[in-house]
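Presented below is the structure to which this report refers.
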Amino acid sequence: MTRRLQRGFFLKPTLDVSKALIGKFLIHEYKGQKLGGMIVETEAYIGKKDKAAHSYRGRRTPRTEVEYGAGGHVYIYMVYGMHYQLNFVTAGKEEPECVLIRALEPVAGIETMKKLRKTRDLNNLTNGPGKLCQALHLDKTLYGADLCARDSKLYIEDRGVKVGSREIKKGPRIGIDYAGPYWARVHWRFWLDRSWSRVYTFTKVESL
DNA sequence: TGTCCGATATCCT
DNA sequence: GGATATCGGACAT
């Protein structure tokens, strides 16, 4: 049984949504072909109080605007001038919270994704937030897109994969040292322990 | 208008 | 493990 996630899925506490997304399938229909895979790593950004979030203390700019709207919309932006980062808006209106998608296990359209990524290495295809955007051809044009719209080219599927809570590991988020020791340490990153993504994860943790 | 620097990836040694 | 590519948002001037 496969079904697309509907609005209600995203209108919940952001940490819950971050964990619930593990094991779901992110699909982008690009040039008539499905590209995507199973979500295996996420991070929560809980606006207002979270110093690591773009919407810290309610910062509201053209970039963060979509975070103040309804859950289930896409917040995507560029970092370091060359990588995109895919996020989903969560929680209620006026609460600027979101989930960053950090890694997938590639499942659909693998050959096309290899071309987009210019690599033959399956283990290097979607194991990072910038990499998965390149593999699925996600860019600024998707800013504000509605994952729950009937005609959306980007959506999340529940394909019936069961993930036990014990299989979900958690740890500090990546690359946010600027947020100070407290926010850099909260365990708001989640990953599927059975996935190869743990290799990526553990490497990064060692370097913290 | 100008400056700073980031929720990274890659290539090199 | 270290350098560096390369854009544009945020905020100060």
Side-chain angles (χ1 to χ4, degrees), chain A residues 10 14-15 17-19 21-22 26 37 39-69 71 73-91 95-104 106 113-144 169-191 196-208:
Chain A
F10 300 95
T14 300
L15 292 176
V17 178
S18 302
K19 285 179 268 195
L21 280 168
I22 306 281
L26 171 65
I39 297 169
V40 293
E41 185 176 359
T42 62
E43 276 179 6
Y45 286 85
I46 305 191
K48 296 183 178 173
K49 67 176 180 181
D50 180 2
K51 204 171 175 186
H54 293 154
S55 50
Y56 177 52
R57 287 161 97 172
R59 190 186 327 169
R60 191 161 181 163
T61 67
R63 184 173 61 151
T64 61
E65 185 59 31
V66 71
E67 290 200 72
Y68 290 83
H73 289 259
V74 173
Y75 175 35
I76 189 166
Y77 60 87
M78 175 167 275
V79 281
Y80 301 116
M82 54 183 76
H83 307 296
Y84 286 105
Q85 307 273 290
L86 177 68
N87 300 253
F88 304 144
V89 178
T90 55
E95 292 303 322
E97 305 183 10
C98 64
V99 179
L100 169 67
I101 306 303
R102 289 195 58 86
L104 310 174
M113 294 198 291
K114 283 178 173 173
K115 287 186 187 124
L116 287 167
R117 289 270 303 124
K118 302 189 202 309
T119 177
R120 303 297 302 167
D121 183 0
L122 199 60
N123 292 335
N124 193 30
L125 212 49
T126 52
N127 61 331
K131 296 177 187 181
L132 71 89
C133 285
Q134 188 181 18
L136 273 65
H137 203 273
L138 307 176
D139 58 33
K140 273 197 88 154
T141 61
L142 287 159
Y143 181 89
K169 303 301 176 189
K170 60 185 176 182
R173 294 173 292 176
I174 302 297
I176 51 167
D177 292 347
Y178 64 88
Y182 180 79
W183 293 109
R185 283 178 200 155
V186 292
H187 287 189
W188 286 356
R189 181 165 52 96
F190 305 94
W191 66 93
W196 46 251
S197 71
R198 67 184 292 207
V199 175
Y200 172 75
T201 291
F202 286 176
T203 306
K204 291 288 190 176
V205 167
E206 292 300 323
S207 67
L208 282 178

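Reckoned from all heavy atoms, side chains included, excluding hydrogens, waters and symmetry mates. Below, read A as the first sequence line, B as the second, and so on, with proteins coming before strands; counting in each chain starts at 1.
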Check for a donor-acceptor pair, side chain of [X] on one end and backbone N or O of [Y] on the other, with a separation under 3.5 Å.
X	Y	value
A:Arg173	A:Trp183	yes
A:Tyr68	A:Gly58	yes
A:Thr42	A:Ser18	yes
A:Thr90	A:Val99	no

Give every donor-acceptor pair under 3.5 Å between a side-chain atom in residues 75-89 of chain A and any protein atom, sequence neighbours left out.
| unit_1 | atom_1 | unit_2 | atom_2 | d |
| --- | --- | --- | --- | --- |
| A:Tyr75 | OH | A:His54 | ND1 | 2.7 |
| A:Asn87 | ND2 | A:Tyr75 | O | 3.2 |
| A:Asn87 | ND2 | A:Gln85 | O | 3.4 |

Quick one: label A:Lys118 by what it contacts on the DNA or RNA (base, sugar-phosphate, nothing), any heavy atom closer than 4.0 Å. nothing
Sort me out a list of protein N/O and nucleotides 11-13 of chain B N/O pairs below 3.5 Å, or just none if empty.
none

In this structure, how many angstroms lie between the [atom2] atom of [N] and the [atom1] atom of [X], rounded?
X	N	atom1	atom2	answer
A:Tyr143	C:dG9	OH	C1'	12 Å
A:Arg102	B:dA7	CZ	P	11 Å
A:Gln85	B:dA9	CD	P	7 Å
A:Arg173	B:dT8	CZ	P	12 Å
A:Leu132	B:dA7	CG	P	16 Å
A:Lys131	B:dA7	NZ	C1'	15 Å
A:Tyr77	B:dT8	OH	C1'	10 Å
A:Asn127	B:dT10	CG	P	9 Å

Residue pair A:Trp188 / A:Glu43, side-chain heavy-atom distance below 4.5 Å: no
Between A:Tyr182 and A:Lys51, is any pair of side-chain heavy atoms under 4.5 Å apart? no
For A:Tyr143 versus A:Arg63, what's the shortest heavy-atom pair and its separation? OH-O, 2.6 Å
Check nucleotides 3-7 of chain C against the protein and report each pair of N or O atoms closer than 3.5 Å, with its distance, or say if there are none.
| unit_1 | atom_1 | unit_2 | atom_2 | d |
| --- | --- | --- | --- | --- |
| C:dT6 | O2 | A:Tyr80 | O | 2.8 |
| C:dC7 | O4' | A:Gly81 | O | 3.2 |
| C:dC7 | O2 | A:Gly81 | N | 3.3 |

Give me the residues of residues 49-67 of chain A where at least one heavy atom lies under 4.0 Å from an atom of DNA chain C, by number, or none. A:Arg59, A:Thr61, A:Arg63
In which stems does DNA chain B show up, taking only runs of three or more Watson-Crick or G-U wobble pairs whose two distances fall under 3.5 Å? B:1-6 with C:7-12, B:8-12 with C:1-5
Side chain of A:Lys140: nearest nucleotide among B:dA9, B:dA7, C:dG9? C:dG9
Please report the interatomic distance [atom1]([X]) to [atom2]([Y]), rounded to the nearest 0.5 Å.
X	Y	atom1	atom2	answer
A:Arg102	A:Ile174	CZ	CD1	5.0 Å
A:Leu125	A:Leu116	CG	CG	9.0 Å
A:Leu104	A:Leu132	CG	CG	4.5 Å
A:His137	A:Leu142	NE2	CG	10.0 Å
A:Leu15	A:Glu97	CG	CD	8.5 Å

With sequence neighbours excluded, tell me which residues meet side-chain contact (heavy atoms from CB on, under 4.5 Å) with A:Thr141. A:Asp139
Residue closer to the 5' end of DNA chain B, A:Ile176 versus A:Asn124 (nearest nucleotide): A:Ile176
